[in-house]
Amino acid sequence: MADSAQAQKLVYLVTGGCGFLGEHVVRMLLQREPRLGELRVFDRHLGPWLEELKTGPVRVTAIQGDVTEAHEVAAAVAGAHVVIHTAGLVDVFGRASPETIHEVNVQGTRNVIEACVQTGTQFLVYTSSMEVVGPNTKGHPFYRGNEDTLYEAVHRHPYPCSKALAERLVLEANGREVHGGLPLVTCALRPTGIYGEGHQIMRDFYRQGLRLGGWLFRAIPASVEHGRVYVGNVAWMHVLAARELERRAALMGGQVYFCYDGSPYKSYEDFNMEFLGPCGLQLVGARPLLPYWVLVFLAALNALLQWLLRPLVLYAPLLNPYTLAVASTTFTVSTDKAQRHFGYEPLFSWEDSRTRTILWVQAAGSSAQ
Ligand SMILES: NC(=O)C1=CN([C@@H]2O[C@H](COP(=O)(O)OP(=O)(O)OC[C@H]3O[C@@H](n4cnc5c(N)ncnc54)[C@H](O)[C@@H]3O)[C@@H](O)[C@H]2O)C=CC1
Ligand SMILES: C[C@H](CCCC(C)(C)O)[C@H]1CC[C@H]2[C@@H]3[C@H](O)CC4=CC(=O)CC[C@]4(C)[C@H]3CC[C@]12C
C-alpha cells in the first residue's frame, strides 16, 4: 500500500506559471518533485521557453487561459492533484484599474477554489504576499515580525486589498468538501519583496542607472530595512508546501507562512546595490539627496498627473504615494514557522542567490543594448 502510494504519479497545475515566480516554480517542480507525472502550466501569456520543457520525461501541458474565466479554470484543474496558484496582477503603479486588479486577484482565486471543489482537487497552495500584512497606511514598522506578530493591517491600495481578500478566501476554504467527499487542504505563502532572475524592476533600475552614466541616486534612508527573498527559495517553499500538504494536512491546512531565507536586511536601494554594484553602478549619497517632503510632493504630483493624463496616455512612474510609503517603511520578517511545519530550509544560500542574480542582471543589461 505504502509502495503503491509512493509510486503514484501526480498531476500538478501551476497558475501564472509563465510569470517571474511561476517560471521558477515550474522549473523547480520538474527538478525536485519526484512524484510529478504531469505538469500543467496555466497562464494568460504562455512563454516560448515552455517548449524546451516538453521534451523531458514529465508531461508538460501548456494551457493558455484566464483565471477570471471560471470554465477555463475548471477545465485546467479537472484531474489535478495539486494546484499552486501564483497567477495574479502585480500592479502598484496604477497601470490597471482597481476593478481589474480585484477581478484577477480575488475573483480569479475564487474561481480556482470553486474549480478544486467541483472537480475534486484536494490540495491548494496560494501565493499571497507580505502586503497582506503591511506596511500599513500609517507607516508603522514591522521589525523582525513573524506570522503571529500583532500589527494593524490597514490597506487602501487595490493590490494589497485584493491579496488580503484572496488570502482570506483561500484560508476559509480549508476543510470544504470537494467532489468525492474529501476535504480541501489549503495554505498561503507570503513572500516579501522577491528578487532574482527575471525581476523586471531590478532590470529597470539597472537600465536607468546605465542611462544616467552608471549612477543611481539615494532616495530612501539606509536605516529603513526591507526583508527580501530569493525567487529560487520562494519556488522551493511552494514545492515543499505542496508536497507536504497531504501528509501534514492537520497541521498545515488553513495556515499562512512568510517566505524567508538568509538574504540580509537592508534598505530597498542598498539591497539592489548588492547586484547592481558588481554590474558597474554606484549609489550616490550616504543620505537621501532630496528631503522627504520633496519626495512626498513629487509622488503626489505623479499621482495627479496619472489621473489627469489617463484619458490620453498611461503615465505610471515608479514613484507614487504608495510605493514611496512601502519603500520608506521598515518591513522585515524573522520566523521559522515553515521550517517547523514542513521542514523548509532555503535551498540557495545568500551567496548563491546573489551570484545568480548578478549574472542575470549582467545578461539582461547587455541584451538591452
Ligand atoms: N514580485 C514580488 O515581489 C511578489 C509577488 N507576490 C505574488 O506572487 C505572484 C506572482 O507574482 P510575480 O511572478 O511577481 O508576477 P508576474 O506578473 O511576473 O506573474 C504573474 C503571472 O500571472 C499571469 N496572469 C496575470 N493575470 C492572469 C489571468 N487573468 N489569468 C491567468 N494568468 C494571469 C501573468 O501572465 C503572469 O505570467 C502574484 O500572485 C503576486 O501577488 C507576492 C509577494 C511579492
Ligand atoms: C518601486 C519601489 C521602489 C521605488 C522607490 C523610489 C521611487 C523611491 O525609488 C519598490 C519598493 C518596495 C517594493 C514592493 C515591496 O517589495 C513589496 C511588494 C510585494 C508584492 O507582493 C508585490 C510587489 C511589491 C509591492 C514591491 C513593489 C515595488 C516596491 C514598491
Side-chain angles (χ1 to χ4, degrees), residues 14-26 41-47 50 63-69 72-73 76 84-93 95-96 100-101 103-109 111-112 126-135 155 157 159-160 162-164 166-167 170 188-196 198-202 204-205 208 216-221 224 226-231 234-235 238 258-259 267-269 271-272 283 288-290 292 294-296 298-299 302 316-329 331:
V14 180
T15 71
C18 293
F20 165 42
L21 171 61
E23 178 176 348
H24 286 265
V25 172
V26 163
V41 183
F42 181 98
D43 204 299
R44 214 149 69 98
H45 305 288
L46 296 176
L50 275 175
I63 307 170
Q64 183 168 24
D66 189 328
V67 287
T68 65
E69 297 293 337
E72 293 182 5
V73 179
I84 299 181
H85 176 40
T86 76
L89 194 44
V90 186
D91 180 19
V92 290
F93 306 112
R95 291 177 189 140
T100 307
I101 294 174
E103 185 67 9
V104 174
N105 293 351
V106 183
Q107 188 56 39
T109 302
N111 290 343
V112 170
Y126 172 61
T127 314
S128 182
S129 167
M130 75 177 222
E131 295 273 303
V132 162
V133 178
H155 313 292
H157 192 278
Y159 175 74
S162 70
K163 294 300 284 186
E167 183 189 91
V170 169
L189 307 185
R190 293 174 174 168
T192 54
I194 307 174
Y195 70 93
H199 186 206
Q200 297 309 317
I201 301 180
M202 183 85 75
D204 293 347
F205 273 116
Q208 187 187 16
L216 287 171
F217 300 94
R218 188 185 292 281
I220 306 295
V224 176
H226 277 225
R228 306 277 290 274
V229 62
Y230 176 61
V231 66
V234 180
H238 280 72
F258 277 117
C259 287
S267 77
Y268 192 80
E269 290 166 324
F271 190 82
N272 285 353
L283 183 62
L289 296 189
L290 296 173
Y292 185 65
V294 175
L295 285 178
V296 172
L298 291 175
N302 277 343
L318 280 188
L319 179 65
N320 65 45
Y322 181 76
T323 58
L324 179 61
V326 177
S328 317
T329 306
F331 198 99

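Order of listing sets the numbers, starting from 1, for every ligand and every atom in it. Worth saying up front: this structure is predicted, and the values here are computed from it rather than measured. We use all heavy atoms of the structure for the numbers below, so side chains are in, but hydrogens, waters and symmetry mates are not.
For atom 1 (C) of ligand 2, the nearest non-hydrogen atom of the protein is Phe93 CE2, 3.9 Å. Here the heavy atom of the protein found nearest to atom 15 (C) of ligand 2 is Val326 CG1, 4.0 Å. When only non-hydrogen protein atoms are considered, atom 10 (C) of ligand 2 lies nearest to Tyr268 CZ, 3.6 Å. Protein heavy atom at the shortest distance from atom 5 (C) of ligand 2 is Ala327 CB, 3.9 Å. Among protein heavy atoms, atom 4 (C) of ligand 2 sits closest to Phe205 CZ, 4.0 Å. Ranking the protein heavy atoms by distance from atom 19 (C) of ligand 2 puts Glu131 CG, 3.5 Å first. When only non-hydrogen protein atoms are considered, atom 9 (O) of ligand 2 lies nearest to Glu269 OE2, 4.2 Å.
The atoms of ligand 2 that sit less than 4.0 Å from any heavy atom of Ser129 are 19 (C), 20 (C), 21 (O). In the vicinity of Val92, heavy-atom distances shorter than 4.0 Å reach the ligand 2 atoms 25 (C), 27 (C). Within ligand 2, counting atoms from 1 as listed, the ones closer than 4.0 Å to a heavy atom of Gly193 are 16 (O). Atoms of ligand 2 lying under 4.0 Å from at least one heavy atom of Met130, given by number and element, are 17 (C).
Looking at every heavy atom in both residues, Ala316 comes nearest to Phe93 through CB-O, 3.4 Å.
The CG atom of Asn272 sits 7.5 Å away from atom NE2 of His199, with the distance rounded to the nearest 0.5 Å.
Here the side chains of Val231 and Leu21 are in contact, with some heavy-atom distance below 4.5 Å. Looking at heavy atoms from C-beta onward, Tyr292 lies in side-chain contact with Leu324 at the 4.5 angstrom threshold.
On a distance-only criterion, Tyr159 and ligand 2 share at least one N/O pair closer than 3.5 Å. When only interatomic distances are considered, the shortest N/O to N/O separation between Arg228 and ligand 2 does not fall below 3.5 Å.
Under 4.0 angstrom from ligand 2, the non-hydrogen atoms of Ile201 all belong to its side chain.
Residues forming a side-chain hydrogen bond (donor to acceptor under 3.5 Å, both in side chains) with Arg190 (at least two apart in sequence, or on another chain): Glu167.
The contact shell of ligand 1, taken as protein residues with any non-hydrogen atom closer than 4.0 angstrom, comprises Gly16, Cys18, Gly19, Phe20, Leu21, Asp43, Arg44, His45, Gly65, Asp66, Val67, Thr86, Ala87, Gly88, Val90, Val104, Thr127, Ser128, Ser129, Tyr159, Lys163, Pro191, Thr192, Gly193, Ile194.
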